[in-house]
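Here the structure comes first, spelled out in structure tokens, and everything after it is commentary.
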There are 2 protein chains.
Amino acid sequence: MTAGCNCRSVEWTENMIRTISPLRANFGRCTACAVRSLSICGALDETDLVEFERIARQVHLAPSEALFSAGQVASSVHNLTAGVARLYKLLPDGRRQVIGFALPGDFLGTMPSIRYSYSADAIKRVSACRFPVDAFKHFIEQRPHFLLRINEFASRELMLAQQQMLLLGRRTAEEKVAAFLVGWRARLAHIGDERQTVSLPMSRQDIADYLGLTIETVSRTLTRFEREKMLVIVSGGVRLLDCPRAEAMAAA
Amino acid sequence: MTAGCNCRSVEWTENMIRTISPLRANFGRCTACAVRSLSICGALDETDLVEFERIARQVHLAPSEALFSAGQVASSVHNLTAGVARLYKLLPDGRRQVIGFALPGDFLGTMPSIRYSYSADAIKRVSACRFPVDAFKHFIEQRPHFLLRINEFASRELMLAQQQMLLLGRRTAEEKVAAFLVGWRARLAHIGDERQTVSLPMSRQDIADYLGLTIETVSRTLTRFEREKMLVIVSGGVRLLDCPRAEAMAAA
DNA sequence: CAGGCCAGTTGATCGAGATCAATTGGGTTC
DNA sequence: GAACCCAATTGATCTCGATCAACTGGCCTG
């Protein structure tokens, strides 16, 4: 009922490689950061960036390695710069709810909390900037515009969470899967990975745990969508043939 | 499948009456506000409060009246000072998901958004402070400590939302109802309404739409809990007899 | 106080999605 | 290329919660 490792190393799309790149020197990483404008750092000017960079540490994770785990003392906040991570909560008996997937530019900071309330680990090889909470807090407290930006990100996150509540509580399996595909495609487009084929780096188990379904139901639903010519299942993703139909399902 | 009016006038608890009170004069309301320390306003000193109060307008709603509706241009943010509100999203076909219940002290502000992403209306007679977004934004932008406070509130909200995702996606009906009772009791305790009997001002339909269940399942589950001596159903609420049991159900 | 209204409860049945159980197939190892 | 591994698919069956349908009881109205 749980987990799903997906440790197999998957080929990198050109896009992923590009967003990972700048880790050579210890200086000027931030100014060269490909996802800066997408991330909370987009609110920082050159001067702030230099100082911000000073409190950051780069971390790199292979697939299935943990960025942090629920219950640990929350000593750091993170900014994803490359790869894909899954964020999830577990029940004592092993039931799992994936509460989201993190993409480059996403900020993972459970700020006023003493412990992480969820776990995060890599699906595809992840790079992230790690900031000690104390230094991070100190930094933002004297930069109101930055705090404002973080607030916007938190609000967006909250809206997505509420959208997901509607999906989990009131939608059918078919609607859930369609909404997931449409939503995921939009998120990939947002970070510049807009292709005909929607890449799905996460396992079927991850998708099932995200949608509150079983792996079998996800699989069957995708298969049916393929039979009905809405999409084609390809290795590592799906190619959407009938987007309007998918979007109608996701909305209705 | 939708709605539930619950317009019947319910007796006020002393607590509710106390939190509603200060609406006589146009000055000094905030300094006398019973829920200030619980709300975002807890971060404001006397000087700030005076100015903050100047941009506020009091609104009062009878049960089932709307504070705002999803899709409307988001011209105001709100701070609940008395009563109970339900926050919900609707699907085109009428399916409803209650995404939360708002209590005195709760802040309803979908800040960087042009339109409300959910609807809010009164369950019990509601009083709230209404702030035009522009004035509100202007106010907070020059008060970083206030922004920090709002950020904390947003983060807490997000954590609750993620907790709710786990509940909606992975818990049984029994666990859902138990978790709801325990969580609601904790929220009432937080605003100072800590009594033996947990008051449930919302209808069974509201509870069902909050938990992703039907009204029948909620009713049957409560009845079963009563048969099993875990609680007693009383008018307007339940009396929890076996809290440890309920908490175990909610956690497991 | 008769009648109606509506929230809530209870019962009977149904069905979407879960569970159990093979089977397939791509990828890796030796 | 044989053996294996494991994610994914497919099939058969079951079950929890939904649906459909009365029924109850508190409360309001005339």
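Every chain is numbered from 1, with letters handed out A, B, ... down the list of sequences.
Counting to the nearest Å, the P atom of C/dG8 and the CE atom of B/Met202 are 11 Å from each other. If you take CD of A/Glu226 and C1' of D/dA8, they are 12 Å apart, rounded to a whole angstrom. Protein atom CG of B/Asp209 is 17 Å distant from nucleotide atom P of D/dG17, rounded to whole Å. Atom-to-atom, CD1 of B/Ile233 to C1' of D/dG26 comes out at 15 Å; the value is rounded to the nearest Å. Atom CG in A/Leu211 sits roughly 13 Å away from atom C1' in C/dG17 (whole-Å rounding). One can place CZ of B/Arg204 at 14 Å from C1' of D/dT24, the figure rounded to the nearest angstrom. If you take CD of A/Glu174 and P of C/dA16, they are 11 Å apart, rounded to a whole angstrom. Atom pair A/Phe225:CZ and D/dT10:C1' shows a separation of 17 Å (rounding to whole Å applied).
Relative to the axis of its first five pairs, the axis of the last five pairs of the helix from C/dC1-D/dG30 to C/dC30-D/dG1 sits at 30°, rounded to 10 degrees.
Contact check on B/Glu228 versus B/Arg224 returns a salt bridge, with a Lys/Arg side-chain nitrogen under 4.0 Å from an Asp/Glu carboxylate oxygen. Using a cutoff of 4.0 Å between basic side-chain nitrogens and carboxylate oxygens, A/Asp106 and A/Arg156 are not scored as salt-bridged.
Remark: A/Thr172 is not in phosphate contact with C/dA16, judged by side-chain N or O atoms under 4.0 Å from OP1 or OP2.
The two residues A/Ser119 and A/Ala70 have their closest heavy-atom pair at OG-N, 2.9 Å. Contact record, A/Val126 with A/Val84: CG2-O, 3.4 Å, taken as the closest heavy-atom pair. Taking both residues in full, the closest heavy atoms of B/Val98 and B/Asp206 are given as CG2-O, 3.8 Å, listed atom of the first, atom of the second, then distance.
Remark: A/Phe101 pairs with A/Trp184, A/Tyr210 by the ring-ring contact (aromatic ring centres under 6.0 Å, His included) rule, at least two apart or across chains.
Annotation: B/Phe68 is in aromatic contact with B/Tyr116 [ring centroid separation under 6.0 Å].
Contacts between residues 212-222 of chain A and DNA chain D, defined by a heavy-atom separation below 4.0 Å, involve A/Glu216, A/Ser219, A/Arg220, listed by number.
Counting only distance, with no hydrogens or angles, the side chain of B/Arg95 and the backbone of A/Gly169 share no donor-acceptor pair below 3.5 Å.
Two residues are said to be in side-chain contact when any heavy atoms from C-beta on lie closer than 4.5 Å; B/Leu167 and B/Leu211 meet this criterion.
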